[in-house]
Peer 1: 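Got a structure here, written out as structure tokens. Questions coming.
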There are 2 protein chains.
Amino acid sequence: MYSIGDLSRRTGVKAPTIRYYEQMGLLEAPQRSEGNQRRFAKAELERLAFIRHARDLGLTINSIRQLIDLSGHADRPCADADRIAKEQLASVRDRIAKLQKLEEELERIATCCTGETIGDCYVIRALSNHSLCGHEH
Amino acid sequence: MYSIGDLSRRTGVKAPTIRYYEQMGLLEAPQRSEGNQRRFAKAELERLAFIRHARDLGLTINSIRQLIDLSGHADRPCADADRIAKEQLASVRDRIAKLQKLEEELERIATCCTGETIGDCYVIRALSNHSLCGHEH
DNA sequence: CTAATTGCTCTAGTGACTAGAGGTTCAAGA
DNA sequence: TCTTGAACCTCTAGTCACTAGAGCAATTAG
Ligand SMILES: [Zn+2]
Ligand SMILES: [Zn+2]
Ligand SMILES: [Zn+2]
Ligand SMILES: [Zn+2]
């Protein structure tokens, strides 16, 4: 049996975050001590590691809840789980593509200023005038 | 003189967002009609375009406020403006690098499942076990 | 003049936490 | 056994950049 602090140290997840996951229904309400403090079993530690790993990969609380629900039915087809992973991959690729466009524009904006004063600063001029940009964002 | 709806149509920024920018101090409080409705001058239209462009490039409200403050002093050195742009570029690059790591892991996780059921789904196994990952995230 | 549209303010909700207040319980040393 | 200090509890509010909605007032076209 782990206290919330033990669990926190073992997983690197802060105690308020663990309580938050419980509130969001990702962790089941654990047993309590006589004085009402949380006492976690090993299964909860493993589930928390699962949650943390999924969060580190950018999955939302909602997706993680779905995956946890699925993982309780070992005999069902895994198409839903695969779909969630593929959607997350697509979303990450989408964000990368958008950020790369920004990077391109920002590189120009941030490195082309040869001015000395605000009056002729390329940063300010470029922000005032989108037509200096190479594409939409 | 533009109403908030005129301004919205001309810039593509929704009316509540325009009010929000005013509240955040990015737009100065505009003149009002007799009936207390906002009436914007051309200068505000240009400033709103500036704000919108900066937002599209990912700058925060705070950075934009600083840039607006700077742009009122044409004779001052532009080092601060240049620094804000460079910091934003660095932040975008940082986010791209992190997302690319995620992309790599997610690609493996999302495409390697040859299982049929949750019980042997690679997605679930990979999320349960970070040691299957190629690197940290 | 009337009806439709547009505008006003204010409040609350989003996601995934984080910080703080104000109080209680636990564990270890004396 | 007692005491002290760390850890824990619940609850509320704040973060960021909006967005949605309620309930009302002003404007504009016919
Ligand atoms: Zn400059
Ligand atoms: Zn642009
Ligand atoms: Zn699968
Ligand atoms: Zn991993």
Side-chain angles (χ1 to χ4, degrees), chain A residues 1-27 29-40 44 48 50-68 84 87-88 91-92 95 98-99 102 137, chain B residues 1-27 29-40 44 48 50-68 84 87-88 91-92 95 98-99 102 137:
Chain A
M1 287 301 178
Y2 309 110
S3 72
I4 200 168
D6 292 340
L7 207 60
S8 176
R9 273 182 296 277
R10 273 164 205 273
T11 59
V13 181
K14 289 181 194 158
T17 306
I18 296 173
R19 293 192 197 100
Y20 172 75
Y21 289 158
E22 181 187 331
Q23 210 187 324
M24 293 297 101
L26 300 189
L27 288 169
Q31 290 187 265
R32 297 284 183 138
S33 73
E34 283 189 18
N36 199 37
Q37 298 193 354
R38 288 170 180 80
R39 292 295 177 261
F40 296 90
E44 272 120 11
L48 183 54
F50 179 99
I51 295 168
R52 203 51 248 177
H53 194 202
R55 282 294 302 131
D56 287 345
L57 287 162
L59 287 149
T60 64
I61 298 283
N62 255 335
S63 294
I64 296 171
R65 204 182 351 246
Q66 291 175 51
L67 287 169
I68 287 173
I84 288 170
E87 281 172 4
Q88 176 63 12
S91 145
V92 165
R95 270 180 285 163
K98 288 200 178 108
L99 284 171
L102 292 198
H137 8 253
Chain B
M1 286 300 182
Y2 310 110
S3 71
I4 199 167
D6 293 339
L7 205 61
S8 175
R9 272 182 295 278
R10 273 164 203 273
T11 59
V13 181
K14 289 182 195 155
T17 306
I18 296 173
R19 293 193 198 99
Y20 171 74
Y21 289 157
E22 180 187 333
Q23 210 188 324
M24 292 298 102
L26 299 190
L27 288 170
Q31 288 186 265
R32 299 284 183 137
S33 73
E34 283 190 17
N36 200 35
Q37 298 193 354
R38 288 169 179 78
R39 292 295 177 260
F40 296 90
E44 272 119 13
L48 182 54
F50 179 98
I51 294 169
R52 202 52 250 177
H53 195 203
R55 282 293 302 131
D56 287 344
L57 287 163
L59 288 151
T60 65
I61 300 281
N62 254 334
S63 294
I64 297 170
R65 204 185 347 247
Q66 290 174 53
L67 287 169
I68 288 173
I84 289 170
E87 280 171 4
Q88 176 64 11
S91 147
V92 165
R95 271 180 284 164
K98 288 202 176 105
L99 285 172
L102 292 197
H137 13 245

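Note on naming: letters A, B, ... go to the chains in the order of the sequence lines (proteins, then strands), and numbering restarts at 1 for each one.
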Peer 1: Would B:R9 and B:Y2 count as a side chain to side chain donor-acceptor pair (under 3.5 Å) if you check the C-alpha gap in whole Å, the side-chain angles of each, and the deciding distance to 0.1 Å?
Peer 2: CA-CA 10 Å; B:R9 272 182 295 278; B:Y2 310 110; over 6 Å; no
Peer 1: In whole angstrom, what separates A:R9's CZ from D:dA6's P?
Peer 2: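 Answer to the nearest Å: 13 Å.
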Peer 1: OG1 of B:T17 to CG of B:L26: how many Å apart, nearest 0.5 Å?
Peer 2: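 Spacing of OG1 (B:T17) from CG (B:L26) equals 11.5 Å.
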Peer 1: May I have the distance from A:R19 (atom CZ) to D:dT12 (atom P), rounded to whole angstrom?
Peer 2: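 One finds 15 Å between P of D:dT12 and CZ of A:R19, rounded.
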Peer 1: Could you pull out the protein-nucleic contacts involving nucleotides 24-28 of chain D (nitrogen or oxygen on both sides, under 3.5 Å)?
Peer 2:
unit_1 : atom_1 : unit_2 : atom_2 : d
D:dT27 : OP1    : B:S33  : OG     : 3.0
D:dT27 : OP1    : B:G35  : N      : 3.2

Peer 1: What pairs of nitrogen or oxygen atoms, one from the protein and one from nucleotides 17-19 of chain C, lie under 3.5 Å apart?
Peer 2:
unit_1 : atom_1 : unit_2 : atom_2 : d
C:dC17 : OP2    : A:Y21  : OH     : 2.9
C:dC17 : OP2    : A:R55  : NE     : 2.6
C:dT18 : OP2    : A:T17  : OG1    : 3.0

Peer 1: Are A:R65 and C:dA16 close enough that a side-chain N or O sits under 4.0 Å from OP1 or OP2?
Peer 2: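 For C:dA16, OP1/OP2 do not have a side-chain N/O of A:R65 under 4.0 Å.
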Peer 1: Do any side-chain nitrogens or oxygens of A:R38 fall under 4.0 Å of OP1 or OP2 in C:dC26?
Peer 2: no
Peer 1: C:dT9, C:dA16, D:dT10: which one has an atom nearest the side-chain heavy atoms of B:R32?
Peer 2: C:dT9
Peer 1: Can you measure A:D56 atom CG to C:dA16 atom C1' for me and round it to whole angstrom units?
Peer 2: 13 Å
Peer 1: Between CG of B:L99 and CG of A:L99, what distance do you get to the nearest 0.5 Å?
Peer 2: 6.0 Å
Peer 1: Could you give the CD1-to-C1' distance, from A:I18 to C:dA16, as a whole number of Å?
Peer 2: 15 Å
Peer 1: Take a 6.0 Å sphere around CD of A:E87 and say whether it holds more than 12 heavy atoms from other residues, nucleotides or ligands.
Peer 2: yes
Peer 1: Could you tell me how far apart B:I4 (CD1) and C:dT9 (C1') are, to the nearest whole angstrom?
Peer 2: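 It is 12 Å, rounded to the nearest whole Å.
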Peer 1: Between atom CZ of B:R19 and atom CG of B:L27, what is the distance when rounded to the nearest 0.5 Å?
Peer 2: 12.5 Å
Peer 1: Check the distance between D:dA17's P and B:L57's CG and give it to me in whole angstrom.
Peer 2: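 One finds 14 Å between P of D:dA17 and CG of B:L57, rounded.
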Peer 1: Between the side chain of B:Q88 and the main-chain N/O of B:G58, is any donor-acceptor distance below 3.5 Å?
Peer 2: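 Answer holds: yes.
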Peer 1: What pair of heavy atoms forms the shortest contact from B:I64 to B:I51, and how long is it?
Peer 2: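 That closest heavy-atom pairing would be CD1-O, 3.9 Å.
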Peer 1: Would you kindly give the CG-to-P distance between B:L48 and D:dA17, to the nearest whole Å?
Peer 2: 16 Å
Peer 1: Using 0.5 Å steps for rounding, measure from the CZ atom of A:R32 to the CZ atom of A:R39.
Peer 2: 10.0 Å
Peer 1: Measure the CD-CD1 distance between A:E44 and A:I4 for me, rounded to the nearest 0.5 Å.
Peer 2: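 Rounded to the nearest 0.5 Å, the CD-CD1 separation comes out at 11.0 Å.
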Peer 1: B:L7 CG to C:dC8 P: how many Å, rounded?
Peer 2: 11 Å
